[in-house]
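Report on the structure given below.
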Amino acid sequence: MTTDPLVIFTPSGKRGRVPVGTPVLTAARQLGVDLDSVCGGNGICSKCQVSPGVGAFPKHGLTVAEDALSPINKVEERYDRVRGLTVGRRLGCQATIQSDVVIDVPPESQVHRQVVRKRATARDITMNPATRLRYIEVAEPDMHAPTGDLERLGDALRVAWEVEEITIDLPVLTRLQPALRKGDWKVTVALFQDHNGGPHRVLDIWPGFYDGALYGLAIDLGSTTIAANLADLSDARILASTGMMNPQIKFGEDLMSRVSYSMMNAGGAAEMTAAVRDALGRLATEIAAEADIDPRLIVEATVVCNPVMHHILMGIDPVELGHAPFALATSDAMEQPAANIGLTTINPAARAYALPCIAGHVGADAAAVALSEAPHLAEPLTLIVDVGTNAELLLGNREHGVLACSSPTGPAFEGAQIAHGQRAAPGAIERVEIDPVTKIARVRVIGCDLWSDDPEFATATAVSGITGICGSGIIEAVAEMRMAGLIDPSGLVGSAEATGTDRMIPEGRTHSYILHDATGEGGPLITVTQGDIRAIQLAKSALFAGARLLMDEIGVDTVDRVILAGAFGAHISPKHAMVLGMIPDCPLEHVTSAGNAAGTGARIALADIDARAGIEARVRKISKIETALAPRFQEHFVAANAIPHATASFPNLSAEVTLPDVSFNTGSGGEGGGRRRRRRG
Ligand code: FES
């Protein structure tokens, strides 16, 4: 009795015996090997390419003969002639197994291929999209066995692709009959199946074999800006990125003012819903134009946002999120027609998936950050801070699990409530350095790489001007003022006399610091006022107190690392954030930026439906701490008001930076007139 040939697939290492003459694709399916196919083995798509090995494979104890696979057949010859087949490659659906063989499946032929993310610490993305292309040959209608075209399409999909049940929306159904006849009963369908294993939904249909790509939108809907990435659904490659201001700003700068707008104005919530949905539609059109693709090929979208944005987008009045107990209408993920949320300019049958919310103040954006950064898998105790109008914090590791809270930082970190504050835009001061001796600052503005003490600076910034201070600029300014001894630990701004510099100017009973003076050239005078310092102190105290509450819950005084998420987090200097006491002390090199982690989470959810199931399960396990109800929040908030902190020690910071021991409290009721005390160290 002869034994069947042994086939070993690499890199998976899966092996088994199959009868002589078994196509490689069939063997792969039987052995559970990840080998792609769109045409179902018809020799059309070339997705099933493999590289058979020849010769000795001592590792596998196998010698592979030259003719271990069947000779190249006509289909492969034709494919090679028309499209070109890389030397050494075979079409897995055409080549059959004749004797023992080792077959390599190259990455591009793997269905669940890994996409390596740029950041070294980031986990790879596994491709497993909800929508796939399937080529199918459908039986022609028969007078004697009358069935509908859709039923025969379903039968063919069941046989070729093991698709149990299909569903189709009417607009797609209207295109089925012409497509079948035009394609001579061969069509390609875009089939969507959600991660809960529901019926397969036919999203689109093409006559014959459709050889193009499908795309998805990963949308990060923030209170201030809306950002979107357009990704290829076969490899998560980003083809275009775009952003726009959230038009809801006209209804209120921050989240609570938008909730108030809804409470105070009949139909206010609906107005905001319409505005944001309209913006999403425009954004989709823009991004398709930028990538030069047909918007119809965008068949999916994923959305991350905070709870208020989430409810408004879904058309749910956010009023319940405006007061305790901050009840969400639902915290579950939502999957629905994309057109429902304003994405009317893409494929009419496209689907949209909104990630789950964590709690009334901790949204799908934080869930997306958890998906991207996976703190539950980390060894070090990791604090993730997503700074915005409402800071969202996650703390955890493998040992402790993950806790979450949000903290009402207010808009100061975004440049609001600051005398010369502005949003991050060209011309805004984003970097600050104060000379510890002269007390003179040099600054850098967005859109120009030169520092202000460079002779070319004035010319280089002539177009943008120097228009104000953005969030990262004000953080650096306040921290630098503390390092230069111009404010004391309580946040009091010193007078010219107390600090020994005429950069301090009186302003009522307080003092301001001249950050940039271009009045000599007809430019602006930009100062940091006592009020600015107070606004930043309130914001950073809220942030620190939130982190502290989470640390209390775990029972620790320190964290091992801090990840600054969000577009803003990417621009914050770790040293300055720590001098200010925004974040708890930890080694400075362990404070990193994750960029737009929420946006990355949206991209991962787009690429991998298992990630959707994973984050839904994980969100249920995240412990939520409600800052508004926590008795110790106020205590932590007050202690965190000092710069960097009234009681907590910052040993890692102290090792790098010596903060002057100054006090400007005159005790006379006025602010900031006191004498300088000796410097420490
Ligand atoms: Fe499509 Fe082989 S499966 S060419």
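None of the values given here were measured: they were computed from a predicted structure. Whatever order the structure lists them in is the order used to number ligands and atoms, beginning at 1.
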Checklist entry - Taking 4.0 angstrom as the limit, do Asp34 and Arg29 come out as a salt bridge? => result no
Next on the checklist: Does this structure show an ion pair linking Arg237 with Asp235, if we count only N-O contacts that are shorter than 4.0 Å?
Outcome noted: yes
Next on the checklist: Does atom NZ (Lys47) have a neighbourhood of more than 12 heavy atoms from anything else shown, all under 6.0 Å?
Outcome noted: no
Checklist entry - Is any protein N, O or S atom closer than 2.8 Å to atom 1 (Fe) of ligand 1, and if so, which? => result Cys39 SG, Cys45 SG
Item to check | Arg351 and Glu335 ion-paired at < 4.0 Å | outcome: yes
Next on the checklist: Any salt bridge linking Glu300 with Arg612? Criterion: basic side-chain nitrogen under 4.0 Å from a carboxylate oxygen.
Outcome noted: yes
Checklist entry - Between Asp149 and Arg181, is there a side-chain N and carboxylate O pair less than 4.0 Å apart? => result yes
